[in-house]
Colleague: 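Here it is: the structure, laid out below.
Side chains are part of it too, since the values below use all heavy atoms of this structure and drop only hydrogens, waters and symmetry mates. Naming convention: chains lettered A, B, ... in sequence-line order (proteins, then strands); numbering from 1 in each chain.
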Protein chains: 2
Amino acid sequence: MKHKKNKYVDILKEVNLRPTRQRVVLVSNIFNSGNRHIKAEKLHEEVLFSGEKVSLATVYNTLNNLTNAGLLRQVKVNSNQNYFDTNTSAHHHFFDEVNHSLIDIPHDKIKLKGIPKPPINKKISDVEIIISIKNK
Amino acid sequence: MKHKKNKYVDILKEVNLRPTRQRVVLVSNIFNSGNRHIKAEKLHEEVLFSGEKVSLATVYNTLNNLTNAGLLRQVKVNSNQNYFDTNTSAHHHFFDEVNHSLIDIPHDKIKLKGIPKPPINKKISDVEIIISIKNK
DNA sequence: ATAGCTGCAAATGCTTTGCAAGGCC
DNA sequence: GGCCTTGCAAAGCATTTGCAGCTAT
């Protein structure tokens with residue numbers, strides 16, 4: 001059949017990214033299993049392991065493309081490595097300092113009060129709470 | 001006089017770091033003017049500009065030493081560059097995405113409610129709120 | 001004297017980029 | 001066909017490290 005539906009192809013088309021083999025492979029890996037926190041290197045390994053060939057550069061490019069398209073969100077933990085989150089809605093994170101992993105905290109779990117006004121001519125683009133954790 | 005008091009030498013001695021010329025230069029630059037947010041490269045420039053010679057590697061080493069000693073604190077914004085904060089007590093930050101600068105938010109300004117329990121065998125080591133801002 | 005520190009240059013780790021070859025519409 | 005995308009290798013950037021020489025105690 002000509003019009004076989006492919007969810008992942010559609011995702012890409014919707015944001016005007018050509019559904020190339022590589023991008024479809026990446027997108028299906030990224031979005032086929034609930035919310036995830038993604039590191040480029042890790043994603044690359046997974047994809048290679050699954051038998052598909054995609055270069056690391058393309059992984060980076062695609063993650064950036066998807067982020068610009070609003071399909072991913074960069075988490076602002078400082079660990080010299082970028083984390084991309086498939087959950088693009090507002091929420092917070094535990095950051096495990098030992099194994100450098102992220103755990104979601106639902107947005108409404110934490111109540112914030114007293115967020116100060118930003119400086120003149122600036123507007124708030126993001127409010128992020130990072131709760132760092134380590135072993136007891 | 002033998003026992004000339006030097007505040008910055010004392011700071012170093014207290015944390016068991018030898019008060020070498022380079023470290024004294026750095027420490028005095030860092031702590032002589034209220035709370036600051038420091039980038040290694042910037043600090044290096046400032047010190048060179050003031051006429052003192054210190055290598056960039058030593059700037060990095062010293063910033064790390066001071067951080068381990070508890071005199072500085074690393075801020076966890078994700079900007080591919082480490083920020084060290086002279087204010088080591090709990091407080092939060094605006095992060096200006098345009099000029100990559102930090103602005104302090106006093107700790108008690110923002111009230112947090114509902115911080116979730118960390119996973120088993122983990123304890124919270126830090127709670128940090130980063131409010132990203134950009135131009136209107 | 002000697003343990004610790006510095007500075008250079010090289011190495012590292014993550015990420016981006018230039019460009020020729022290839023693939024999608 | 002034409003434009004976008006890929007992949008490689010090289011470059012980029014912030015940071016760390018190895019090591020020989022120097023310095024504080």
Side-chain angles (χ1 to χ4, degrees), chain A residues 2-4 6 8-27 29 37-45 47-48 52-69 72 74-84 99-102, chain B residues 2-4 6 8-27 29 37-48 52-69 72 74-84 100-102:
Chain A
K2 278 247 179 68
H3 293 288
K4 192 170 74 172
N6 182 321
Y8 304 115
V9 169
D10 292 346
I11 288 178
L12 286 164
K13 281 185 178 168
E14 262 164 42
V15 293
N16 284 312
L17 292 173
R18 279 194 189 167
T20 62
R21 178 184 64 80
Q22 292 85 336
R23 296 215 267 230
V24 174
V25 166
L26 292 169
V27 165
N29 182 304
H37 301 105
I38 300 159
K39 284 188 272 198
E41 196 80 44
K42 187 94 183 309
L43 176 59
H44 187 224
E45 279 170 22
V47 162
L48 291 191
E52 296 282 350
K53 249 186 59 189
V54 178
S55 79
L56 184 55
T58 297
V59 172
Y60 276 104
N61 289 334
T62 301
L63 285 173
N64 286 332
N65 291 156
L66 295 174
T67 302
N68 291 335
L72 293 177
Q74 274 192 253
V75 183
K76 295 182 174 56
V77 283
N78 186 20
S79 80
N80 307 342
Q81 209 162 154
N82 284 340
Y83 288 76
F84 296 85
N99 40 248
H100 286 199
S101 64
L102 288 168
Chain B
K2 277 246 179 69
H3 293 289
K4 191 171 74 169
N6 181 321
Y8 304 114
V9 169
D10 292 346
I11 288 178
L12 286 164
K13 281 186 178 167
E14 263 163 42
V15 293
N16 285 310
L17 291 172
R18 279 195 189 166
T20 62
R21 179 185 61 81
Q22 292 86 334
R23 297 216 266 230
V24 174
V25 166
L26 291 170
V27 165
N29 181 304
H37 302 105
I38 299 158
K39 283 187 274 197
E41 195 80 44
K42 186 95 183 308
L43 176 59
H44 187 225
E45 279 170 22
E46 285 180 19
V47 162
L48 291 191
E52 295 283 351
K53 249 186 60 187
V54 179
S55 79
L56 184 54
T58 297
V59 172
Y60 276 105
N61 289 334
T62 301
L63 286 173
N64 287 331
N65 291 157
L66 296 175
T67 301
N68 291 335
L72 293 176
Q74 273 191 254
V75 183
K76 294 182 175 55
V77 281
N78 185 20
S79 80
N80 309 341
Q81 212 162 151
N82 283 340
Y83 288 75
F84 297 85
H100 287 199
S101 64
L102 288 168

Colleague: As an exercise, state the distance from CG of A:Asn65 to CG of A:Leu26, rounded to the nearest 0.5 Å.
Modeller: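 CG of A:Leu26 is found 10.5 Å from CG of A:Asn65.
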Colleague: So, for B:Arg21 and B:Lys53, which heavy atoms are closest and what is the spacing to 0.1 Å?
Modeller: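 For B:Arg21 versus B:Lys53, the nearest heavy atoms are NH2-O, 3.0 Å.
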Colleague: Considering heavy-atom distances to DNA chain C, does A:Gln81 or B:Ala57 have its closest nucleotide positioned more toward the 5' end?
Modeller: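 On the 5' side of the pair lies B:Ala57.
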Colleague: Would you say B:Asn82 places a side-chain N or O within less than 4.0 Å of OP1 or OP2 belonging to D:dT15?
Modeller: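 For B:Asn82, the contact criterion (side-chain N or O under 4.0 Å from OP1 or OP2 of D:dT15) is met.
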Colleague: Does C:dT16 have OP1 or OP2 sitting under 4.0 Å from an N or O in the side chain of A:Asn64?
Modeller: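 Result: yes.
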Colleague: Check every strand shown and say whether B:Lys39 touches a base, only sugar-phosphate, or nothing at a heavy-atom separation below 4.0 Å.
Modeller: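 It contacts nothing in the nucleic acid.
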Colleague: What nucleotide among C:dT16, D:dG7, D:dC3 has an atom nearest to a side-chain atom of A:Arg18?
Modeller: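 For the A:Arg18 side chain, the nearest candidate turns out to be D:dC3.
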Colleague: Would you kindly give the NE2-to-P distance between A:His44 and C:dG13, to the nearest whole Å?
Modeller: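 So the NE2-P distance, A:His44 to C:dG13, works out to 17 Å.
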Colleague: Can you tell me the distance, in whole Å, between the CD1 atom of A:Ile38 and the C1' atom of C:dT15?
Modeller: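 Rounded to whole Å, this separation is 17 Å.
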Colleague: Rounded to the nearest Å, what distance is computed from the CG atom of residue B:Leu12 to the C1' atom of nucleotide C:dG4?
Modeller: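 One finds 14 Å between C1' of C:dG4 and CG of B:Leu12, rounded.
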Colleague: Taking all atoms of both residues into account, what is the closest heavy-atom pair of B:Val54 and B:His44, and its distance?
Modeller: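 Closest heavy-atom pair between B:Val54 and B:His44: O-NE2, 2.8 Å.
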Colleague: Given D:dT5, C:dC5, C:dG7, which nucleotide is nearest the side-chain atoms of B:Leu17?
Modeller: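 Shortest atom-to-atom distance from the side chain points to C:dC5.
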Colleague: Roughly how far, to the nearest 0.5 Å, is CD of A:Gln74 from CG of A:Asn82?
Modeller: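 The CD atom of A:Gln74 is 4.5 Å from CG of A:Asn82, to the nearest 0.5 Å.
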Colleague: Hey, is the main chain of B:Tyr8 close enough, under 3.5 Å, to the side chain of B:Arg23 for a donor-acceptor pair?
Modeller: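 Answer holds: no.
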Colleague: Would you mind telling me which residue lines up with the more 5' stretch of DNA chain D, A:Val54 or B:Tyr83, judged by nearest nucleotide?
Modeller: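 Nearest nucleotide further toward 5': that of A:Val54.
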Colleague: Touch check for A:Asn61, heavy atoms < 4.0 angstrom, all strands: base, sugar-phosphate only, or nothing?
Modeller: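 Base, at least one base heavy atom under 4.0 Å.
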Colleague: Can you tell me if A:Thr20 touches the phosphate of D:dC4, counting only side-chain N or O atoms and a distance under 4.0 Å to OP1 or OP2?
Modeller: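 Answer is no, no contact under 4.0 Å.
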Colleague: Take atom CZ of B:Arg23 and atom C1' of D:dT25, then tell me their distance rounded to the nearest Å.
Modeller: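 Rounding to the nearest Å, CZ of B:Arg23 and C1' of D:dT25 are 13 Å apart.
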Colleague: By nearest atom, which of the nucleotides C:dC25, D:dG7, D:dT15 is closest to the A:Arg21 side chain?
Modeller: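 When the side chain of A:Arg21 is considered, D:dG7 is the closest of C:dC25, D:dG7, D:dT15.
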Colleague: Counting only side-chain heavy atoms from C-beta out, which of C:dC8, C:dC14, D:dA24 sits nearest to B:Ser55?
Modeller: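 Of all the options, the side chain of B:Ser55 is nearest to C:dC8.
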Colleague: Taking atom P of D:dC13 as reference, at what distance in whole Å does atom CD of B:Glu41 sit?
Modeller: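 These atoms are roughly 11 Å apart.
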Colleague: Within this structure, what is the NZ-OH distance for the pair A:Lys39 and A:Tyr83, rounded to the nearest 0.5 Å?
Modeller: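 One finds 3.5 Å between NZ of A:Lys39 and OH of A:Tyr83.
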Colleague: To the nearest angstrom, how far is A:Leu56 atom CG from D:dA10 atom C1'?
Modeller: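 Interatomic distance, CG of A:Leu56 to C1' of D:dA10: 14 Å.
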Colleague: From the list D:dA24, C:dC14, D:dT6, which nucleotide is the closest neighbour of the side chain of A:Tyr60?
Modeller: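 Output: C:dC14.
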Colleague: OP1 or OP2 of C:dG7 sitting under 4.0 Å from any side-chain N/O of B:Thr58?
Modeller: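 Yes.
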Colleague: Check the distance between D:dA24's C1' and B:Asn16's CG and give it to me in whole angstrom.
Modeller: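 To the nearest whole Å, that distance equals 14 Å.
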Colleague: Rounded to the Å, how far apart are A:Gln22 CD and D:dG7 C1'?
Modeller: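 Checked: the CD to C1' distance equals 9 Å.
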